[in-house]
A.B. asks: 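I am attaching a structure below and will ask some questions about it afterwards.
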Amino acid sequence: MTAVAYRSVRGMRDLVGADAALASHVGNTLIAVAQSFGYEEIRLPLIESAELFSRGVGEATDIVEKEMYTLSDRRGRQLALRPEGTASCARAMIEHGLLRGQPQRLWYAGPMFRYERQQRGRYRQFEQVGVEAFGIGGAAVEAELVQLANAAWRALGIHRHVSLEINTLGSGDARAAYRAALVDYLTPHVESLDADSRRRLTTNPLRILDSKVAATQRVLEGAPQLADFVDAPARAHFDALRALLDDLQVPYRVNARLVRGLDYYTDTVFEWSAGAIGAQDAVCAGGRYDGLVKRLGGAATPAAGFAIGVDRVALLCQEAEAEPARRPVDAYCAVLEERCMAWALAATQQLRELVPGLRLRLHTGGGKPAAQLRRADESGACWALIVGAQEVAENRIAVKWLRESRPQALMRVEELAVLLRTGAPVPERADAGGATGQAEQSASAANALAGN
RNA sequence: GUGGGCGUAGCUCAACAGGUAGAGCUCCGGAUUGUGGAUCCGGUGGUUGUGGGUUCGAGCCCCAUCGUCCACCCCA
C-alpha cells in the first residue's frame with residue numbers, strides 16, 4: 001500500500017459507491033415507512049450538553065461511563081457528541097413545550113458517536129433512524145412501533161432474517177424492588193461471579209442477567225425472577241401488548257433476561273436481532289420510557305420509541321442479498337467530437353429541465369466512440385444519447401437502447417424528452433421474500449425522498 | 001479497555017526451507033478509422049503498512065508502531 005498521508009480516523013469510515021447507495025436506500029426506506037405511519041421529522045443537533053446524557057441515559061451505563069465523546073467549548077462548558085437520539089428528542093419536547101397538547105410522533109435520522117473498539121457492525125460514528133412517540137401510554141402504541149419496524153423489514157426484504165424478543169421491566173418501583181432482591185441474592189455469591197459482574201453489582205445489577213459467563217449464569221439460575229416482581233398493572237399491560245402482537249401475527253419470543261442497557265426504560269422493552277451479521281446483531285431496539293421526560297425536568301409524560309442501526313441493517317441487506325439494483329444514471333450522452341460539446345451541454349440541460357428527476361450524465365474528456373459507449377454501458381444507463389457532427393447538423397440526437405434490442409433512432413430534443421419521461425423501464429427489484437405491494441410502495445416512496 | 005488473526009499492484013490473492021515479487025480483475029492501447037457487453041493480443045501499475053533489529057542476503061525471522069478483521073465487552 002502506498003504511503004497515504006491522511007487516513008480516516010479510527011472507527012470513522014467513508015461509504016463509497018454501492019455502499020453509499022445502499023446506506024441511503026436503507027435510511028430512505030426506514031424514513032418512508034415512519035412517515036407512512038404519520039410520524040414527523042425532528043432535526044436535532046449533534047452536540048448536546050454532556051449532562052443531558054449522564055442524566056437521561058444514566059450515569060452508570062457504559063455509554064456514559066466510557067463511550068461518550070466529550071469536549072469542552074471555549075467557555076469550559078462540558079459538551080458531548082450525541083451517543084443516541086432519545087434524550088435529545090425528549091429535551092427538545094420539553095424545551096419547546098410540545099408535550100402540553102397533542103401527543104407527538106417523531107422520527108429522526110443521523111449519525112451517533114460512541115467511543116468503542118471497532119468491529120463488524122460497530123463503528124464509532126454510526127447511523128440511526130429513530131422513532132419516538134410522546135404522550136401516549138398503553139400497549140397499542142408499542143404494538144404500532146413493533147408493526148412499524150416490521151413494515152420496515154418487509155420494505156427492505158429482510159423480514160425473514162430478523163427476530164423479535166420482548167420483555168417487561170415492570171414499573172419503576174417494581175424494578176427498584178427487584179434490583180434490591182437481586183443484589184441480596186447475588187452478594188453471598190460474589191466469589192463465583194466474573195469481574196465485570198462483580199463491578200456491576202454496585203453500579204447496574206440488572207445487567208448481570210445478560211452475562212455470557214457460564215459460571216455467572218450458573219449462579220443466576222437460582223436468582224429471583226424479574227417477572228415475579230412485575231406488578232399487576234404492568235403485567236396486564238404486557239399481556240395486552242402480547243395479545244395485539246398475536247393478532248397481528250408478528251412472531252416474537254419473550255425473553256425474561258432481556259434488559260436494556262440504558263436506564264430510562266420501564267415496562268416494555270424489545271429488540272430485533274439478526275444473527276447473520278455477526279456478534280453485533282441488534283438491528284433495532286427500544287421500548288417504553290415513561291420516566292425520562294420527568295427525569296429531564298419536564299412533566300411526567302408517557303413515551304415509547306426505538307432506534308434502528310442503519311449500518312447494521314445495510315450489512316444485513318448484503319448478507320440477505322436484498323440489495324436493490326444500483327442504477328445511478330438513466331441516460332448517458334456521448335460526445336463524439338470536441339466541437340459538438342457546447343451543443344451537447346445545452347441539449348442535455350434542456351432534457352434535464354424537460355424531464356423531472358432524470359439522471360443524465362454527459363461524457364466529458366473525449367475518447368473514441370467505442371470507449372464512450374462502454375462508459376455508457378457501465379454507468380447502468382438505459383439509453384445512450386449520441387451527439388456528433390451529423391446530429392448537430394440535423395439538430396437531432398441519436399438514441400441507442402442499451403438494455404433492449406431496438407434499432408437506434410434519431411430524435412429532436414422534445415421527442416427525446418417524451419421518450420425519457422414515459423419510456424423509463426420498470427426497475428427490476430429482487431424480491432427477497434413475500435413482501436409485495438408494501439415493498440414496492442415503500443421503495444417508490446423512498447425514491448421520491450431521494451428526489452428521483 | 002482485553003485477547004487472537006491478518007497487512008504484498010486500485011481490488012482479490014500467490015510467492016517452497018530467508019536467495020532480490022507474480023496472477024486474475026480493473027485501467028490504457030490495438031485487432032474493430034462514428035457505436036457498448038464477448039473474444040484475442042499488448043501495455044501501465046510495487047520503497048511488500050511504517051520504523052528499527054538479526055542476516056552475506058528479509059515479503060518471510062525478532063521488536064515496536066499504525067491499520068484492519070474476528071471475538072470478549074457493550075449496543076443500534
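Labels below follow one simple rule: chain letters A, B, ... track the order of the sequence lines, proteins then strands, and each chain is numbered from 1.
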A.B. asks: Name the nucleic acid region contacted by A:Ile308, choosing base, sugar-phosphate or nothing; use a 4.0 angstrom heavy-atom cut-off, strictly under.
C.D. replies: nothing

A.B. asks: Would you tell me whether A:His25 and A:Glu323 have side-chain atoms, one donor and one acceptor, within less than 3.5 Å of each other?
C.D. replies: no

A.B. asks: Quick one: look up who B:C6 pairs with, Watson-Crick or G-U, both distances under 3.5 Å, and put none if it's unpaired.
C.D. replies: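 Base-paired to B:G67.
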
A.B. asks: Given B:G36, B:A76, B:C69, identify the nucleotide with an atom nearest to the side chain of A:Arg114.
C.D. replies: B:A76

A.B. asks: To the nearest Å, how far apart are A:Glu67 CD and B:G1 P?
C.D. replies: 12 Å

A.B. asks: Would you say a side-chain N or O of A:Arg122 is under 4.0 Å from OP1 or OP2 of B:C69?
C.D. replies: no

A.B. asks: Between B:G51 and B:A14, how far is it from one P atom to the other, in whole Å?
C.D. replies: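 These two P atoms come out 24 Å apart once rounded.
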
A.B. asks: Write down the distance separating the C1' atoms in B:C56 and B:U65, rounded off to the nearest Å.
C.D. replies: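 My reading of the C1' atoms in B:C56 and B:U65 gives 29 Å.
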
A.B. asks: Measure CZ/A:Arg124 against P/B:G1 and give the value in whole Å, please.
C.D. replies: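 The answer, rounded to whole Å, is 7 Å.
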
A.B. asks: Is A:Arg82 positioned over the aromatic face of A:Phe113, cation under 6.0 angstrom from the ring centre and no more than 45 degrees off axis?
C.D. replies: no

A.B. asks: Counting Watson-Crick and G-U wobble pairs only, both distances under 3.5 Å, name the nucleotide matched with B:U54, or none.
C.D. replies: none

A.B. asks: Return the nucleotide paired to B:G59: Watson-Crick means purine N1 to pyrimidine N3 with N6-O4 or O6-N4, wobble means G-U with N1-O2 and O6-N3, both under 3.5 Å.
C.D. replies: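 Checking every strand shown, B:G59 finds no partner, since no pair has both distances under 3.5 Å.
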
A.B. asks: Determine whether a donor-acceptor pair (one donor, one acceptor, N or O, separation below 3.5 Å) exists between the side chain of A:Glu378 and the base of B:G37.
C.D. replies: no

A.B. asks: Look at A:Arg117 and B:G67 and indicate whether a side-chain polar atom (N or O) is within less than 4.0 Å of OP1 or OP2.
C.D. replies: no

A.B. asks: Consider the side chain of A:Lys400, meaning its heavy atoms from C-beta on, and name the nucleotide among B:U35, B:A76, B:C28 that approaches it most closely.
C.D. replies: B:U35

A.B. asks: So which nucleotide from B:C73, B:G1, B:C75 ends up closest to the side chain of A:Lys66?
C.D. replies: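 Between B:C73, B:G1, B:C75, the one nearest the side chain of A:Lys66 would be B:C73.
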
A.B. asks: Is A:Ala371 touching bases, backbone alone, or none of the nucleic acid, heavy atoms closer than 4.0 Å?
C.D. replies: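 Nothing, no nucleic acid heavy atom in range.
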
A.B. asks: Round to a whole Å and report the spacing from CG of A:Asp311 to P of B:A76.
C.D. replies: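 One finds 13 Å between P of B:A76 and CG of A:Asp311, rounded.
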
A.B. asks: Touch check for A:Glu391, heavy atoms < 4.0 angstrom, all strands: base, sugar-phosphate only, or nothing?
C.D. replies: base

A.B. asks: Between A:Arg122 and A:Glu116, is the closest basic N to carboxylate O distance under 4.0 Å?
C.D. replies: yes

A.B. asks: Charged N to carboxylate O below 4.0 Å: is that the case for A:Glu221 and A:Arg218?
C.D. replies: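 Looking at A:Glu221 and A:Arg218, the cut-off is not met.
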
A.B. asks: Which pairs, with at least one residue in residues 334-350 of chain A and sequence neighbours excluded, count as a side chain to side chain donor-acceptor pair (under 3.5 Å)?
C.D. replies: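 Qualifying pairs: A:Glu337-A:Arg339, A:Gln349-A:Arg352, A:Gln349-A:Glu353.
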
A.B. asks: Taking the same atom, P, in B:C66 and in B:C25, what whole-Å distance lies between them?
C.D. replies: 38 Å

A.B. asks: For B:A31, which nucleotide in any strand shown is its Watson-Crick or wobble partner with both distances under 3.5 Å?
C.D. replies: B:U39

A.B. asks: Give none if B:G1 has no partner; otherwise give the nucleotide forming a Watson-Crick or G-U wobble pair with it, both distances under 3.5 Å.
C.D. replies: B:C72

A.B. asks: Return the value, rounded to whole Å, for the distance between atom CZ of A:Arg374 and atom P of B:U39.
C.D. replies: 13 Å

A.B. asks: It should be established whether A:Gln119 places a side-chain nitrogen or oxygen under 4.0 Å from OP1 or OP2 of nucleotide B:A71.
C.D. replies: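 For B:A71, OP1/OP2 do have a side-chain N/O of A:Gln119 under 4.0 Å.
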
A.B. asks: Whole angstroms only, please: what is the CG-C1' distance between A:Leu410 and B:U35?
C.D. replies: 14 Å

A.B. asks: Looking for any heavy atom pair under 4.0 Å, which part of the strands does A:Gln118 touch: base, sugar-phosphate only, or nothing?
C.D. replies: sugar-phosphate

A.B. asks: Roughly how many Å is it from OH in A:Tyr115 to P in B:C73, rounded to a whole number?
C.D. replies: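 To the nearest whole Å, that distance equals 20 Å.
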
A.B. asks: Using a 4.0 Å heavy-atom cut-off across all strands, classify A:Arg312 as base, sugar-phosphate, or nothing.
C.D. replies: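 Base contact - A:Arg312 has a heavy atom under 4.0 Å of at least one base atom.
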
A.B. asks: Could you tell me how far B:C13 sits from B:G42 if I compare only their C1' atoms? Round to whole Å.
C.D. replies: 24 Å

A.B. asks: Is A:Arg120 touching bases, backbone alone, or none of the nucleic acid, heavy atoms closer than 4.0 Å?
C.D. replies: sugar-phosphate

A.B. asks: With a 4.0 Å limit, can you tell me whether A:Arg10 has a side-chain N or O closer than that to the phosphate oxygens OP1/OP2 of B:G67?
C.D. replies: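 So the side-chain polar atoms of A:Arg10 do come within 4.0 Å of the phosphate oxygens OP1 or OP2 of B:G67, strictly under.
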
A.B. asks: Which residue lies toward the 5' end of RNA chain B, A:Gly11 or A:Gln128, if each is placed at its nearest nucleotide?
C.D. replies: A:Gly11

A.B. asks: Looking for any heavy atom pair under 4.0 Å, which part of the strands does A:Glu127 touch: base, sugar-phosphate only, or nothing?
C.D. replies: nothing

A.B. asks: Contact class for A:Arg13 vs. all strands (heavy atom < 4.0 Å): base, sugar-phosphate, or nothing?
C.D. replies: nothing

A.B. asks: Counting side-chain heavy atoms from C-beta on, which of B:C73, B:G34, B:A76 comes nearest to A:Ala285?
C.D. replies: B:A76

A.B. asks: So what does A:Glu337 touch, heavy atoms closer than 4.0 Å: a base, only the sugar-phosphate, or nothing?
C.D. replies: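 A:Glu337: no heavy atom of the nucleic acid under 4.0 Å.
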
A.B. asks: Taking only Lys NZ, Arg NE, NH1 and NH2, and the carboxylate oxygens of Asp or Glu, determine whether A:Arg13 and A:Asp311 approach each other closer than 4.0 Å.
C.D. replies: yes

A.B. asks: Taking only the side-chain heavy atoms of A:Asp62 (C-beta and beyond), determine which of B:U35, B:C73, B:C72 contains the nearest atom.
C.D. replies: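 Output: B:C73.
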
A.B. asks: Using a 4.0 Å heavy-atom cut-off across all strands, classify A:Ala307 as base, sugar-phosphate, or nothing.
C.D. replies: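 Sugar-phosphate contact only - A:Ala307 comes under 4.0 Å of backbone atoms but never of a base.
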
A.B. asks: So A:Glu132 and A:Tyr289, side-chain hydrogen bond (donor to acceptor under 3.5 Å, both in side chains) or not? Walk me through it.
C.D. replies: CA-CA 10 Å; A:Glu132 317 283 1; A:Tyr289 49 92; 2.5 Å; yes

A.B. asks: Could you give the distance separating B:C62 and B:G1 at their P atoms, to the nearest angstrom?
C.D. replies: 25 Å

A.B. asks: Using modelled atom types and a 3.5 Å cut-off, is there a donor and acceptor pairing between side-chain atoms of A:Tyr39 and backbone atoms of A:Ile31?
C.D. replies: no

A.B. asks: Work out how far the P atom of B:G3 is from that of B:G46, and round it to whole angstrom.
C.D. replies: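 To the nearest whole Å, 38 Å.
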
A.B. asks: State which of B:A76, B:C72, B:G34 makes the closest approach to the side chain of A:Phe126.
C.D. replies: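 For the A:Phe126 side chain, the nearest candidate turns out to be B:A76.
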
A.B. asks: Over all strands shown, is A:Gly121 touching base, sugar-phosphate only, or nothing at heavy-atom distances under 4.0 angstrom?
C.D. replies: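 Base contact.
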
A.B. asks: What's the closest nucleotide to the side chain of A:Asp377 if the choices are B:A76, B:G37, B:C75?
C.D. replies: B:G37

A.B. asks: Check whether any side-chain N or O of A:Lys368 sits under 4.0 Å from OP1 or OP2 of B:G30, and answer yes or no.
C.D. replies: yes

A.B. asks: Should A:Arg175 and A:Asp267 count as an ion pair when the cut-off is N to O under 4.0 Å?
C.D. replies: no

A.B. asks: side-chain contact (heavy atoms from CB on, under 4.5 Å) with A:Asn255: which residues, sequence neighbours excluded?
C.D. replies: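 By the side-chain contact (heavy atoms from CB on, under 4.5 Å) rule, A:Asn255 matches A:Glu165, A:Arg253, A:Arg257, A:Leu258.
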
A.B. asks: Could you work out the separation of B:U8 and B:G22 based on their C1' atoms and round it to a whole Å?
C.D. replies: 10 Å

A.B. asks: Quote, to the nearest angstrom, the C1' distance that separates B:G10 from B:G5.
C.D. replies: 25 Å

A.B. asks: Find the distance A:Ile277:CD1 to B:C75:C1' and express it as a whole number of Å.
C.D. replies: 11 Å

A.B. asks: Could you check how far CH2 of A:Trp401 sits from C1' of B:G37, rounded to whole Å?
C.D. replies: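 Going from A:Trp401 (CH2) to B:G37 (C1'), I get 18 Å.
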
A.B. asks: Relative to the 5' end of RNA chain B, which residue comes earlier, A:Ala282 or A:Gly367, by the nucleotide with the nearest heavy atom?
C.D. replies: A:Gly367

